[in-house]
Undergrad: 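Structure incoming, see below.
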Protein chains: 2
Amino acid sequence: MTTKAKPARQIEPGTYEAYMHDCPAVALLSTISNRWVSLTMCTLGSYGDAMRYSHISREIPGVSQKMLTQTLRMLERDGMVKRTATPTVPVRVDYELTPLGQGLYGLLSQVRDWAADKTDEVDEARAHYDTRKTDQ
Amino acid sequence: MTTKAKPARQIEPGTYEAYMHDCPAVALLSTISNRWVSLTMCTLGSYGDAMRYSHISREIPGVSQKMLTQTLRMLERDGMVKRTATPTVPVRVDYELTPLGQGLYGLLSQVRDWAADKTDEVDEARAHYDTRKTDQ
DNA sequence: CTGTATCCCAAAAGATACTG
DNA sequence: CAGTATCTTTTGGGATACAG
């Protein structure tokens, strides 16, 4: 039936293959690996306290109201963010990281710091790449 | 990144505000915070050696050749990945992480492991959220 | 103030075909 | 094998209006 030498691939637990084919984990990683998600998590996490909607909005460069609301909803649904609405007039809504969200923030903040630290190095690599491509 | 003119706010260095308004770093963080970027980096990093194009392609669930090529190009340009073409027939191309890329992988792998570990907890949070929203 | 609801466009991504 | 080129579809995301 098959002409392939290896019809069924065995994936050993704990190997690199185990990660990539663990679809639920890949799906969650894909969800986290999103521009507005990481910026929102970093904003809430680095402030370290509950923030009002308008405050978050001001702190994230270029985010639209639609995307911020959408992202906060998703993070709330995933249990990363706790939303607290105070029924004053006008209404006041605060967002803060849950313990789960704080755990993720601990990792994302390292990525953020890495990015800040390596910005120059990456810029140089880009300039070098573009120069080579233009020259030849 | 920001198109609007910002009022001259005073931002103390080292504060949480310093991070979010350091636009080059935010831009780089936004670039990294991408589904195919993180999956590609995790695949290359966890394999720990050079991988052929077709090998990478097989290891990333659902990636199209267009997106994989585009992502690898971007990572190469940013200095994260080294591309080596061997002019055999047919051609053989290998990709591997640079030291810069390995540094980032060290952080992304932790995010990946976190995602694998917290998948169940996130699923529960989603189920709880959806139940509450349906009931009321 | 904090949203929700539309409309709409641009960009991202998938599918397919073709090539060195 | 490892792409490139082109086309189509889908999604992301901005603008606007409006409501609790």
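We name chains A, B, ... by the order of the sequence lines, and we start the count at 1 in each one. Heavy-atom basis, side chains included; hydrogens, waters and symmetry copies ignored.
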Undergrad: At under 4.0 Å between heavy atoms, which parts of nucleotides 7-20 of chain D does protein reach? Answer with one letter per nucleotide, 5' to 3': B base, S sugar-phosphate only, - none.
TA: ------BB--B--B

Undergrad: Please check the phosphate of D:dA2 (OP1 and OP2 only) for any side-chain N or O of B:Arg52 closer than 4.0 Å.
TA: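 Checking D:dA2 against B:Arg52, a side-chain N or O does come within under 4.0 Å of OP1 or OP2.
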
Undergrad: Find the bend of the helix from C:dC1-D:dG20 to C:dG20-D:dC1 as the angle between its two terminal axes (five pairs each), to the nearest 10°.
TA: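 Answer for the end axes of this duplex: 50°.
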
Undergrad: Would you say C:dT2 has OP1 or OP2 under 4.0 Å from some side-chain N or O of A:Arg83?
TA: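 For C:dT2, OP1/OP2 do not have a side-chain N/O of A:Arg83 under 4.0 Å.
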
Undergrad: Is the closest side-chain heavy-atom distance between B:Leu107 and B:Val111 below 4.5 Å?
TA: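 No, side chains not in contact.
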
Undergrad: Does C:dT2 have OP1 or OP2 sitting under 4.0 Å from an N or O in the side chain of A:Ser54?
TA: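 For C:dT2, OP1/OP2 do have a side-chain N/O of A:Ser54 under 4.0 Å.
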
Undergrad: Ignoring backbone atoms, establish whether B:Tyr95 has a side-chain N or O less than 4.0 Å from OP1 or OP2 of D:dG3.
TA: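 The answer is yes; a side-chain N or O of B:Tyr95 sits under 4.0 Å from OP1 or OP2.
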
Undergrad: Does D:dC1 have OP1 or OP2 under 4.0 Å away from a side-chain N or O of B:Arg58?
TA: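 It does not, given that no N or O in the side chain of B:Arg58 lies less than 4.0 Å from OP1 or OP2 of D:dC1.
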
Undergrad: Tell me, do A:Tyr47 and A:Leu97 make a side-chain contact under 4.5 Å, heavy atoms counted?
TA: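 Side-chain contact under 4.5 Å: no.
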
Undergrad: Which whole-number value in Å describes the distance from A:Ile56 CD1 to C:dC1 P?
TA: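 One finds 14 Å between P of C:dC1 and CD1 of A:Ile56, rounded.
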
Undergrad: So does B:Arg92 get a side-chain nitrogen or oxygen closer than 4.0 Å to the phosphate oxygens (OP1/OP2) of D:dA2?
TA: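 No.
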
Undergrad: Give the C-alpha distance, both sets of side-chain angles, the deciding distance and a yes or no for side chain to side chain contact (heavy atoms under 4.5 Å, CB included) between A:Thr40 and A:Leu75.
TA: CA-CA 9 Å; A:Thr40 302; A:Leu75 290 174; 3.8 Å; yes

Undergrad: Which residue pairs pass the side-chain hydrogen bond (donor to acceptor under 3.5 Å, both in side chains) test when at least one of the two sits in residues 63-72 of chain A, sequence neighbours left out?
TA: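 Passing the test, one end in residues 63-72 of chain A: A:Tyr53-A:Thr69.
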
Undergrad: Suppose the criterion is side-chain hydrogen bond (donor to acceptor under 3.5 Å, both in side chains): which pairs have a residue in residues 74-91 of chain B, not counting sequence neighbours?
TA: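 Passing the test, one end in residues 74-91 of chain B: A:Arg126-B:Asp78, A:Asp130-B:Arg77, B:Arg83-B:Tyr95.
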
Undergrad: How would you list, by chain and number, every residue that makes a salt bridge (Lys or Arg N to Asp or Glu O under 4.0 Å) with B:Asp117, sequence neighbours excluded?
TA: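 In terms of salt bridge (Lys or Arg N to Asp or Glu O under 4.0 Å), with neighbours along the sequence ignored, B:Asp117 is linked to no residue.
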
Undergrad: Does A:Thr98 reach the main-chain N or O of A:Gly79 with its side chain, forming a donor-acceptor pair under 3.5 Å?
TA: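 Checked: pair present.
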
Undergrad: Just to verify, what does B:Ser33 make a side chain to side chain donor-acceptor pair (under 3.5 Å) with, not counting sequence neighbours?
TA: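 Residues passing side chain to side chain donor-acceptor pair (under 3.5 Å) with B:Ser33: A:Ser38.
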
